[in-house]
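One-based numbering, in listed order, for ligands and for the atoms of each.
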Amino acid sequence: MNEQIRYEQYSAHYYLAMAAYFSSENLSGFENFFLVQADGERFHAMKFYNYINEVGGRVEIKGLEDLKNDFESIQEVFELALKHEQFVTSRINKLMDIANEEKDYATISFLKWFIDEQIEEENTMGTILNKLKRIGENGAGIMMLDRELAQRTFAAPAEEGN
Ligand code: FEO
């Protein structure tokens with residue numbers, strides 16, 4: 001789970017790098033989308049942080065390696081983001097496997113939130129990627145999507161007691 005804190009923080013960094021790329025491309029809606037996504041990832045990291053502490057574990061914060069900052073196209077960014085979310089899903093599934101093996105019911109309950117969250121995360125990236133494939137790289141469609149993504153805001157789920 002400490003390793004998962006690192007993955008979630010890595011995700012926040014990755015999406016911040018993507019936000020910065022869009023800022024440099026003057027696409028502020030896409031930038032906003034990834035800034036909000038990075039907020040979500042920090043929230044995920046803190047959920048693990050809080051849970052480990054809550055059950056009497058010892059949180060260890062691990063370092064992050066440098067990551068990709070330059071991208072070829074808008075579509076490439078979303079392809080990488082979707083691939084990354086699929087990787088995170090596989091990590092969550094692995095944690096769930098361990099929790100099941102160990103009959104750790106509290107952790108199974110905790111991880112269920114992330115199982116559902118990952119369905120949404122992959123769906124979000126996949127839906128935008130499909131839109132981009134239809135729109136192509138240029139034109140009014142991109143500007144419309146940019147305006148749509150500018151509306152996204154981050155709100156931590158209310159049920160979080162941690
Ligand atoms: Fe923390 Fe995007 O999964």
(message) With respect to atom 1 (Fe) of ligand 1, please indicate if Glu41 possesses an N, O or S atom at a distance under 2.8 Å.
(response) yes
(request) Dump the intermediate steps for salt bridge (Lys or Arg N to Asp or Glu O under 4.0 Å) on Arg91 and Glu3, then the final yes or no. (result) CA-CA 10 Å; Arg91 300 301 313 182; Glu3 196 57 28; over 6 Å; no
(request) May I ask you to decide if the ring planes of Phe33 and Phe78 are parallel, tilted or perpendicular, using 30° and 60° as cut-offs? (result) tilted
(message) If the cut-off is 2.8 Å, does any N/O/S atom of Glu117 fall short of it from atom 2 (Fe) of ligand 1?
(response) no
(message) Of all the N, O or S atoms in His44, which has the shortest distance to atom 1 (Fe) of ligand 1?
(response) ND1
(request) Describe, in one word, how the ring planes of Tyr10 and His84 are oriented to each other, choosing from parallel (under 30°), tilted (30 to 60°) and perpendicular (over 60°). (result) tilted
(message) Looking only at N, O or S atoms in Glu121, which is nearest to atom 2 (Fe) of ligand 1?
(response) OE2
(request) Supply the atom-to-atom distance Ser23 OG to Phe34 CZ, rounded to the nearest 0.5 angstrom. (result) 13.5 Å
(request) Using 2.8 Å as a strict upper limit, say whether an N, O or S atom of Glu8 approaches atom 1 (Fe) of ligand 1 that closely. (result) yes
(message) Tell me whether Asn69 contacts the main-chain N or O of Leu67 through its side chain, where contact means a donor paired with an acceptor under 3.5 Å.
(response) yes
